[in-house]
Amino acid sequence: MNNSLDCTSASTFRLASYSDERVEQTVASNLACLKRILEYNLEHGLMFFRIGSDIVPFGSHAVNTFPWQTRFAPEFKAIGDYIKEHKMRVSMHPDQFVVLNSPNPDIVQRSVAELVYQGSMLDLMGLDSTAKLQIHLGGLYGDRDTAIARFIATWHTLPPEVQIRVVVENDDRLFSLRDCLELNAATGIPILFDNFHHECLNNGEPMAEALRLAAATWQPERDGIMMMDYSSQSHGERRGKHVASIEEDLFRDFLKELGDLDVDIMLEIKDKEASAHQACGIMRELTLLPPAPAGYEPPVFTPKQILEGDTAPKTRKPRAKKDKSATAQAEQLNPEAHN
DNA sequence: GGGTGTCAAGCATCG
DNA sequence: CGATGCTTGACACCC
């Protein structure tokens with residue numbers, strides 16, 4: 001997401017409101033915003049972005065019969081071309097409902113459908129297997145070994161184009177880095193390392209060592225350099241809750257643990273690009289990043305805004321009203337869509 | 001136009 | 001055993 005822009009790429013609607021027209025309008029709006037976010041990111045030197053899961057409402061749901069893959073093929077391709085042209089990198093993170101190791105076959109089937117949906121967007125963008133789908137190992141169901149074995153069995157059934165994008169993240173309560181390493185040994189699935197989760201749940205591996213163990217599971221030709229999630233504890237809140245805004249001292253300490261390891265860092269921090277700007281500023285200071293892009297002016301937020309996560313423009317664009325002319329135009333262009 | 005209950009989906013934990 | 005948090009809010013209805 002991006003708090004600085006007056007658009008969202010996660011616009012959706014209720015299942016009860018489903019219509020093909022609504023899908024077409026919403027996807028058009030979401031893709032237009034995604035493009036704007038990527039342009040903003042390029043201007044500000046933010047070269048790694050996690051695309052939201054909600055580009056296509058009900059993208060893996062049986063109700064959605066709209067042929068969005070063909071209708072929006074040019075838009076997806078244009079976005080992918082932009083990403084490749086500027087050597088940016090993207091990932092996606094299907095949410096907690098994707099559980100490949102569930103004992104319930106219906107849940108597994110829906111999970112696979114969701115991975116296929118999200119992977120197909122990356123395919124339509126023409127991105128190679130270094131663009132990843134990041135998921136968790138899943139549930140424990142009282143028996144760790146069986147749970148991991150079931151994940152492996154399901155993973156083997158995935159379509160190859162999905163399989164090659166799947167990476168597994170160490171989580172903060174159930175499956176640690178060690179479990180992910182076991183999974184990697186059996187399947188070759190790269191580990192998306194989360195520093196904060198590792199702090200919450202580990203088997204004694206020091207941070208610097210943990211980073212290197214995870215990095216070694218990424219095959220450079222196939223996977224690119226390691227992706228990782230960075231966050232830290234929100235003070236006075238439940239253990240595992242992400243901070244609202246980056247803590248510069250902790251980030252500097254983390255960079256020391258990272259040393260000369262080359263990674264793509266995704267911040268899981270509430271205020272989004274505000275913290276990303278701060279992190280990039282620190283890394284430029286340390287010459288870990290190239291100088292800022294030409295014409296770059298650091299965004300200015302007051303400490304209060306950053307604290308409250310309120311870095312959005314004061315006036316958001318009013319919600320789009322029902323636009324009869326846009327619908328009419330869409331019908332003209334694609335009369336088959338409304339059967 | 002602002003406030004708020006609810007939203008497709010899973011799991012573990014809390015009280 | 002129902003509510004809660006995860007998480008990235010946003011929709012839709014009420015007033």
Side-chain angles (χ1 to χ4, degrees), chain A residues 1-19 22-23 25-27 29-30 33-34 37 49-65 90-118 134-144 146-147 150-151 154 169-176 194 196-197 200-201 229 231 233-234 237-244 266-276 309-312 314-322:
Chain A
M1 308 196 73
N2 183 302
N3 287 335
S4 303
L5 298 173
D6 61 355
C7 71
T8 173
S9 64
S11 180
T12 183
F13 47 84
R14 296 286 175 265
L15 180 57
S17 313
Y18 180 91
S19 71
R22 197 80 188 266
V23 174
Q25 286 174 1
T26 306
V27 174
S29 161
N30 285 342
C33 185
L34 175 58
I37 294 173
F49 184 64
R50 178 187 296 172
I51 298 172
S53 299
D54 301 324
I55 300 292
V56 180
F58 307 100
S60 66
H61 193 288
V63 75
N64 190 338
T65 52
V90 296
S91 65
M92 304 192 73
H93 191 347
D95 56 31
Q96 66 267 39
F97 308 111
V98 171
V99 184
L100 289 187
N101 74 347
S102 173
N104 180 337
D106 293 335
I107 292 169
V108 173
Q109 181 268 319
R110 285 193 289 269
S111 299
V112 172
E114 180 70 12
L115 288 174
V116 167
Y117 147 60
Q118 299 206 21
Q134 163 186 357
I135 57 174
H136 291 279
L137 223 156
L140 208 50
Y141 310 98
D143 181 359
R144 181 175 309 270
T146 309
R150 214 164 35 232
F151 183 102
T154 304
E169 173 188 359
N170 59 305
D171 71 67
D172 60 342
R173 295 179 307 143
L174 306 177
F175 293 103
S176 67
D194 186 309
F196 182 34
H197 290 169
C200 295
L201 179 70
D229 289 346
S231 192
Q233 176 67 41
S234 178
E237 301 257 22
R238 188 192 50 78
R239 180 176 169 81
K241 186 167 173 65
H242 295 163
V243 278
M266 178 61 54
L267 300 188
E268 286 191 329
I269 295 183
K270 182 121 182 106
D271 70 4
K272 309 282 182 277
E273 73 280 4
S275 286
D310 177 23
T311 51
K314 283 301 166 204
T315 54
R316 291 185 72 89
K317 200 162 70 176
R319 185 177 303 163
K321 294 184 180 119
K322 278 181 186 167

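Only this structure's heavy atoms are used, side chains among them; waters, hydrogens and symmetry mates stay out. None of these values were measured; they are calculated from a predicted model. Below, read A as the first sequence line, B as the second, and so on, with proteins coming before strands; counting in each chain starts at 1.
- Comparing C:dT7 with B:dT13, their P atoms sit 16 Å apart, to the nearest whole Å.
- In this structure, the CZ atom of A:Arg150 is 13 Å from the C1' atom of B:dG10, given to the nearest Å.
- Only the C1' atoms considered, B:dG3 is 25 Å distant from C:dC6, to the nearest whole Å.
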Item checked: Letter per nucleotide, 5' to 3', of nucleotides 1-9 of chain C [B base touched, S only sugar-phosphate touched, - untouched; heavy atoms, 4.0 Å] -> ----SBSBS
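- A donor and an acceptor atom, one from each side chain of A:Gln134 and A:Ser91, are nowhere located under 3.5 Å apart.
- With a 4.5 Å cut-off on side-chain heavy atoms, A:His136 and A:Leu174 do not count as touching.
- Among residues two or more places apart in sequence or in another chain, the side-chain hydrogen bond (donor to acceptor under 3.5 Å, both in side chains) test is passed with A:Arg144 by A:Asp179.
- Stacking annotation: A:Phe97 is stacked on the base of B:dA9 (ring centroids less than 5.5 angstrom apart, interplanar angle below 30 degrees).
- Partners of A:Asp229 according to the salt bridge (charged side-chain N to carboxylate O under 4.0 Å, His left out) rule, which considers only residues two or more places apart in sequence or in another chain, are A:Arg50.
- Atoms CZ (A:Arg144) and C1' (B:dA12) sit 13 Å apart, rounded to a whole Å.
- Atoms NE2 (A:His61) and C1' (B:dA9) sit 8 Å apart, rounded to a whole Å.
- Residue A:Phe175 contributes atom CZ, which lies 17 Å from atom P of B:dG10 at whole-angstrom precision.
- Listed by chain and number, the residues in a side-chain hydrogen bond (donor to acceptor under 3.5 Å, both in side chains) with A:Thr154 amount to none (sequence neighbours excluded).
- Rounded to the nearest Å, the gap between the C1' atom of B:dA8 and that of C:dC1 is 23 Å.
- Within residues 101-112 of chain A, no residue has any heavy atom under 4.0 Å from DNA chain C.
- Scanning for side-chain contact (heavy atoms from CB on, under 4.5 Å) contacts around A:Ser11 gives A:Thr8, A:Thr26, A:Asn30, with sequence neighbours left out.
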Next item on the list: Whenever both distances are under 3.5 Å in a Watson-Crick or G-U wobble pair, mark it; put DNA chain B into dot-bracket that way, with [ ] for crossing pairs and | when the partner is on another strand.
Entry: |||||||..||||||
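- Comparing C:dA12 with B:dA9, their P atoms are spaced 16 Å from each other, to the whole Å.
- Residues that satisfy the side-chain hydrogen bond (donor to acceptor under 3.5 Å, both in side chains) test with A:Asn64, not counting sequence neighbours, are A:Tyr18.
- Between A:Asp6 atom CG and C:dA10 atom P there is a gap of 13 Å when expressed in whole angstrom units.
- Every pair passing side chain to side chain donor-acceptor pair (under 3.5 Å) that includes a residue from residues 92-112 of chain A is listed here, sequence neighbours excluded: A:His93-A:Glu169.
- Phosphate contact (OP1/OP2 of C:dA12, side-chain N/O of A:Arg22, threshold under 4.0 Å): present.
- The P atoms of B:dT4 and C:dT8 are separated by 24 Å, rounded to the nearest whole Å.
- Partners of A:Val116 by side-chain contact (heavy atoms from CB on, under 4.5 Å), not counting sequence neighbours, listed by chain and number: A:Val112, A:Pro159, A:Val162.
- A:Tyr117 places a side-chain N or O within 3.5 Å of a backbone atom of A:Ser53 that can act as its donor or acceptor partner.
- The listed nucleotides are B:dA12, B:dG10, B:dA9; the one nearest the side chain of A:Val99 is B:dG10.
- Heavy atoms of A:Phe58 sit under 4.0 angstrom from at least one base atom.
- Distance OH (A:Tyr18) to P (C:dC11): 17 Å, rounded to an integer number of Å.
- Considering only residues two or more places apart in sequence or on other chains, A:Thr146 meets the side-chain hydrogen bond (donor to acceptor under 3.5 Å, both in side chains) condition with A:Asp143.
- The salt bridge (charged side-chain N to carboxylate O under 4.0 Å, His left out) check on A:Glu114 picks up nothing, with sequence neighbours excluded.
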